[in-house]
Amino acid sequence: MTYKIASWNVNSIKARLDHARAWLESESPDVLFLQELKGEICPDISPDYTLNFVGQKAYNGVAILTKGAAQMVLDHLPEDDLDTQARYLEVDWRGVRLINIYLPNGNPIDTDKFSYKIKWMKRLLNRISELRAGAVPFLIGGDFNVIPDEKDCYDPAAWAGDALFSPEARGLFRAMIHQGLVDAYRVIDHQAGAYTFWDYQAGAWPRNNGIRIDHFLLSPLLADRLVTVRIDKTPRGWDQPSDHTPIIIEISDE
DNA sequence: ATGGTTGGAAGCCAA
């Protein structure tokens, strides 16, 4: 038996409610992470799932849908009590710590948005360090807003100077790997040209001008249990789609 | 292509 765990930035759950429901119906994952809810409340998406979420007006917002109960652990990233952006959710589910993130975009690079991104990533690293010191297997999934490598974007030169491809953000992503976490997609599939996001503008989708910024990072115990990983490009081709598409992993249930 | 598109808000901002 395996657990199927998916992540999808829906760019407004209100605008994408039908898509979310249709995709849940067809894929029936055990867990679904959603990002960019863009509202204070999250509508009831499916009676088959337990819903945990943290939201705010207009921006951000993350949800974790689970088959069966999940226990809320944290609804914000520790260290900054003044940070009110809804970007982090941590729950326990069937012996696994599930962490859903919507990591700050950070553009433009010469503003406080970028420094906020970098500080947020350092706080996440500290949280990873705490979790690594513990015994609970954990995974971090979501929209990282980081292009890890040149092969994760269609044209590296076009992304030079962008916060998603900045040396600082890529370095901090590597620091997570150095803490022992495994980029699930790179374990199974080493091909270039596999993306999770295509801009709405300039025909990025039909030209496949995408980037891989939605990830699952697995703690060592979970990395050993990884069975498959794939990106489902189908929903990006639907009418009035999100600019992101789901990434799905399967892990053995022990 | 110093453009282009989308969503939520409110008469622009974030992505």
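Just so we're on the same page: letters track the sequence lines, and every chain starts at 1.
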Query raised in the report: Atom CD of A/Q85 to atom C1' of B/dA14: distance rounded to whole Å?
Result: 10 Å

Query raised in the report: Taking the six-membered ring for Trp, are the ring centroids of A/W93 and A/Y3 within less than 6.0 Å of each other?
Result: yes

Query raised in the report: Between B/dG8 atom C1' and A/K14 atom NZ, what is the distance in whole Å?
Result: 8 Å

Query - Sequence neighbours excluded, every pair satisfying side-chain hydrogen bond (donor to acceptor under 3.5 Å, both in side chains) that has a member inside residues 206-224 of chain A - result: A/D152-A/R212, A/D183-A/R212, A/T196-A/D214, A/W198-A/N208, A/R212-A/H215, A/D214-A/H244

Report summary line: Residues passing the side-chain hydrogen bond (donor to acceptor under 3.5 Å, both in side chains) test with A/D80, sequence neighbours excluded, are none

**Report entry** side-chain N/O A/K57 vs B/dA9 OP1/OP2, d < 4.0 Å
**Finding:** no

Query raised in the report: Looking at side-chain heavy atoms only, is the closest gap between A/L77 and A/W120 below 4.5 Å?
Result: yes

Requested in this report: Could you check how far CD of A/Q56 sits from P of B/dA15, rounded to whole Å?
Outcome: 10 Å

Requested in this report: Evaluate the ring planes of A/F33 and A/F216, with Trp represented by its six-membered ring, and classify them as parallel (under 30°), tilted (30 to 60°) or perpendicular (over 60°).
Outcome: tilted

Requested in this report: To the nearest Å, give me how far apart CG (A/N105) and P (B/dG7) are.
Outcome: 18 Å

**Report entry** Whole-Å gap separating P (B/dA14) and CG (A/L103)
**Finding:** 17 Å

Query raised in the report: Of the non-hydrogen atoms in A/V187 and A/V182, which two are nearest, and what is the gap between them?
Result: CG2-CG1, 2.9 Å

Report task. Report, as a single string ordered 5' to 3', how protein heavy atoms within less than 4.0 Å touch nucleotides 1-6 of chain B: B base, S sugar-phosphate only, - not at all. Result -> ---BBS

Report task. For B/dA14 and B/dA1, measure between their C1' atoms and round to the nearest Å. Result -> 22 Å

